[in-house]
Amino acid sequence: MRLASVPSLLRVAGSFRSADSIDRLVLLDMAFCKGFVEDLDESFKDSRKDDIWLVDFYAPWCGHCKKLEPIWNEVGLEMKSIGSPVKVGKMDATSYSSIASEFGVRGYPTIKLLKGDLAYNYRGPRTKDDIIEFAHRVSGALIRPLPSQQMFEHVRKRHRVFFVYIGGESPLKEKYIDAASELIVYTYFFSASEEVVPEYVTLKELPAVLVFKDETYFVYDEYEDGDVSSWINRERFQNYLTMDGFLLYELGDTGKLVAIAVIDEKNTSMEHTRLKSIIQEVARDYRDQFHRDFQFGHMDGNDYINTLLMDELKVPTVVVLNTSNQQYFLLDRPIKNAEDMVQFINNILDGTVQAQGGDSILQRLKRIVFDAKSTIVSIFKSSPLMGCFLFGLPLGVISIMCYGIYAADADGGHIEERYEVSKSEMESQELIEESKEREEPRREDSPVPTVQEPKDALEKKTD
């Protein structure tokens, strides 16, 4: 029996006249969705190996976890309704911290698919469709066979990027399987015989590994592309993408430079649309020339780019990022057409354009100051009163403490000075008294000197 989806249940609300009835139905629907997500406890550690589990490790106080909760409930409902073998659950990682640590949970929310002894991390966007796609991909076979051309065409229409191994047993296939076990969290892996491959695919030799994307295909070349796992990691993205912060972070693992048209998508002026079109043209027409070194795309707005550059970037413009070491390249020429952009890229490759930024110690210190400044400014912009409270109160307390310490030192100095003066006076008084005491015994013991009378007086007395 197929369960009703959330939208279908909400449509039933149209038959109710009362708004209160609709509210009750929405609450009932939320409870209905929540019923397909199991609350896990310590017993999960022993019982999980019998099934495939998609688990959300969360913390009750985490804001991102609270945003994910309704989406997670919809994931549980959808997985149940389509008859998926994957069970959906959630675990309070703060209450069962030992189990969370065993699965390598270090942040919240953390989404993992647990399959036997293996645990796969989900690192994609937190949307229902993306999470369900991840669960289907990872819970199935590591290498999916393509038995017919019809199945091949079905896969090609369904997936934007996928990899195919063509041929029999070989060392290349073993490397392909090893790469798939590591990168299955990102993309799909298939295998097929030469007869299943479409006629437009030309292979010089077998076995071979191909990636199908961007309405075409590309063949792995061991001599030019190096390790097959690294090549798959680089090629798992479409050549042109709509960029955001999460995608730029993922592109950091590829080692490619990222050429981005920074535009305002709400602005329909010629300059904004022209730069986007130029980047798309270069990505399409110069793919073979630059695909090993460059990724292309556009980004709406400059907020995220400004945080990377620690500067205000004028929009529209083009910037080239090296997300692996935080270096960037700014335009050294006006970009009027695709040829100008190609020349700019060639100048970057030959070192003519100087790289800015980086991850040196000085740049790291500069980033710390910039992040602190940005945080303070954002707080005051969003809530001036809160900003005054957060920063004014501590500064006031520190000022009072400093004043108290200074005042205490000043008073202590005066007291010490007065103490030293009084002490010196007492010492001098004691010295005077001691000298007097010494003189008094000396006067008592020594005879009084007789005054000798004059000689004439003596003679007169004699007469």
Side-chain angles (χ1 to χ4, degrees), residues 52 79 82-86 113 115-116 118 120 122 124 129-241 250 253-254 256 283-285 287-289 291-292 295:
I52 301 174
M79 297 294 281
I82 62 178
S84 172
V86 179
L113 188 134
K115 182 181 177 182
L118 301 175
Y120 297 93
Y122 176 69
D129 293 339
D130 288 308
I131 294 172
I132 291 175
E133 177 73 11
F134 164 79
H136 289 331
R137 182 170 63 247
V138 179
S139 63
L142 186 64
I143 309 295
R144 292 170 165 85
L146 297 175
S148 63
Q149 288 190 359
Q150 291 80 5
M151 181 63 71
F152 189 98
E153 286 301 314
H154 172 73
V155 169
R156 188 182 64 82
K157 293 177 181 178
R158 182 177 178 183
H159 303 298
R160 296 176 179 175
V161 180
F162 65 95
F163 294 84
V164 181
Y165 172 85
I166 301 173
E169 298 298 325
S170 68
L172 179 60
K173 186 174 183 180
E174 294 179 2
K175 295 178 182 179
Y176 180 73
I177 293 173
D178 291 339
S181 63
E182 178 185 355
L183 300 171
I184 188 66
V185 294
Y186 299 117
T187 189
Y188 283 90
F189 295 87
F190 297 91
S191 64
S193 62
E194 188 176 6
E195 293 76 19
V196 173
V197 178
E199 295 181 357
Y200 60 82
V201 175
T202 302
L203 297 175
K204 296 181 180 179
E205 60 181 2
L206 291 177
V209 177
L210 291 76
V211 57
F212 289 83
K213 63 177 183 178
D214 301 326
E215 304 295 331
T216 185
Y217 70 95
F218 304 94
V219 182
Y220 165 69
D221 187 324
E222 184 177 2
Y223 298 101
E224 292 188 7
D225 299 317
D227 178 62
V228 65
S229 180
S230 299
W231 176 77
I232 291 173
N233 190 46
R234 292 194 303 270
E235 296 295 332
R236 62 187 175 91
F237 299 97
Q238 291 179 281
N239 200 34
Y240 185 90
L241 298 165
E250 288 292 309
D253 295 335
T254 66
K256 291 184 178 183
R284 181 184 66 250
D285 297 343
R287 202 276 179 193
D288 293 337
Q289 183 176 347
H291 79 278
R292 286 185 174 86
Q295 186 74 42

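Here the structure is a predicted model, which is why all the values come from computation and not from measurement.
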>> Could you go through Tyr200 and Tyr217, starting from their C-alpha distance and side-chain angles, then the distance that decides it, and tell me whether this counts as side chain to side chain contact (heavy atoms under 4.5 Å, CB included)?
In response: CA-CA 10 Å; Tyr200 60 82; Tyr217 70 95; 4.2 Å; yes
> Do you know which two heavy atoms are closest between Val197 and Ile166, and how far apart they sit?
Replying inline: CG2-CD1, 3.1 Å
> Does Leu142 reach the side chain of Ser181, with side-chain heavy atoms less than 4.5 Å apart?
Replying inline: yes
> Hey, are Glu215 and Arg284 close enough for a salt bridge, meaning a charged N less than 4.0 Å from a carboxylate O?
Replying inline: no
>> By the definition side chain to side chain contact (heavy atoms under 4.5 Å, CB included), identify the one residue from Ile132, Val138, Ile52 that meets it with Val86.
In response: Ile52
> Quick one: does Leu203's side chain get under 4.5 Å of Leu210's, heavy atoms only?
Replying inline: yes
> Donor-acceptor pair, Asp214 side chain versus Thr216 backbone, under 3.5 Å?
Replying inline: no
>> Filter on side-chain hydrogen bond (donor to acceptor under 3.5 Å, both in side chains), then keep only pairs touching residues 133-145, sequence neighbours left out; what's left?
In response: Glu133-Tyr188
>> If the test is ring pair (Phe, Tyr, Trp, His ring centres under 6.0 Å), which one of Phe162, Tyr176, Tyr165 qualifies with Phe189?
In response: Tyr176
>> Working note: Phe212 + Val201, criterion side chain to side chain contact (heavy atoms under 4.5 Å, CB included); need CA distance, chi angles, decisive distance, verdict.
In response: CA-CA 10 Å; Phe212 289 83; Val201 175; 4.0 Å; yes
> Between Lys256 and Phe237, is a side chain to side chain contact (heavy atoms under 4.5 Å, CB included) present by the stated rule, with each step listed?
Replying inline: CA-CA 11 Å; Lys256 291 184 178 183; Phe237 299 97; over 6 Å; no
> So, for Val228 and Tyr220, which heavy atoms are closest and what is the spacing to 0.1 Å?
Replying inline: N-OH, 3.4 Å
>> Using a 3.5 Å distance criterion without hydrogens, assess whether the side chain of Gln295 forms a donor-acceptor pair with backbone atoms of Gln238.
In response: yes
> Which atom pair, heavy atoms only, marks the closest approach of Ala180 to Ile143?
Replying inline: CB-CD1, 3.6 Å
>> Looking at every heavy atom in both Ala179 and Ile232, which two are closest together, and how far apart are they?
In response: CB-CD1, 3.9 Å
>> Using a 6.0 Å cut-off, check whether atom CZ of Arg292 has over 12 heavy atoms from anything other than its own residue.
In response: yes
> Please walk me through it: do Phe218 and Trp231 pass ring pair (Phe, Tyr, Trp, His ring centres under 6.0 Å)?
Replying inline: CA-CA 11 Å; Phe218 304 94; Trp231 176 77; 8.8 Å; no
> Say you draw a straight line from CG of Asp221 to NZ of Lys204; how long is it, rounded to the nearest 0.5 Å?
Replying inline: 8.0 Å
> Does the side chain to side chain contact (heavy atoms under 4.5 Å, CB included) test come out yes or no for Phe152 and Phe190, once each step is laid out?
Replying inline: CA-CA 9 Å; Phe152 189 98; Phe190 297 91; over 6 Å; no
> Can you tell me how far CG of Asp253 sits from CZ of Arg234, rounded to the nearest 0.5 angstrom?
Replying inline: 12.5 Å
>> With rounding to the nearest 0.5 angstrom, report the CD to CD distance, Glu195 to Gln149.
In response: 9.5 Å
>> Between Lys115 (side chain only) and Gly140 (backbone N and O only), is there a donor and an acceptor less than 3.5 Å apart?
In response: yes
>> Checking Glu153 now: which residues fulfil salt bridge (Lys or Arg N to Asp or Glu O under 4.0 Å) with it, not counting sequence neighbours?
In response: Arg156
> How about Glu182 and Ser229: do any of their side-chain heavy atoms sit closer than 4.5 Å?
Replying inline: yes
> So how far is it from Leu118 CG to Ile184 CD1, rounded to the nearest 0.5 Å?
Replying inline: 11.5 Å
>> I'd like to check the side-chain hydrogen bond (donor to acceptor under 3.5 Å, both in side chains) partners of Arg287; sequence neighbours left out, ordered by chain and number.
In response: Glu235, His291
> Does some side-chain heavy atom of Phe134 sit less than 4.5 Å from a side-chain heavy atom of Val185?
Replying inline: yes
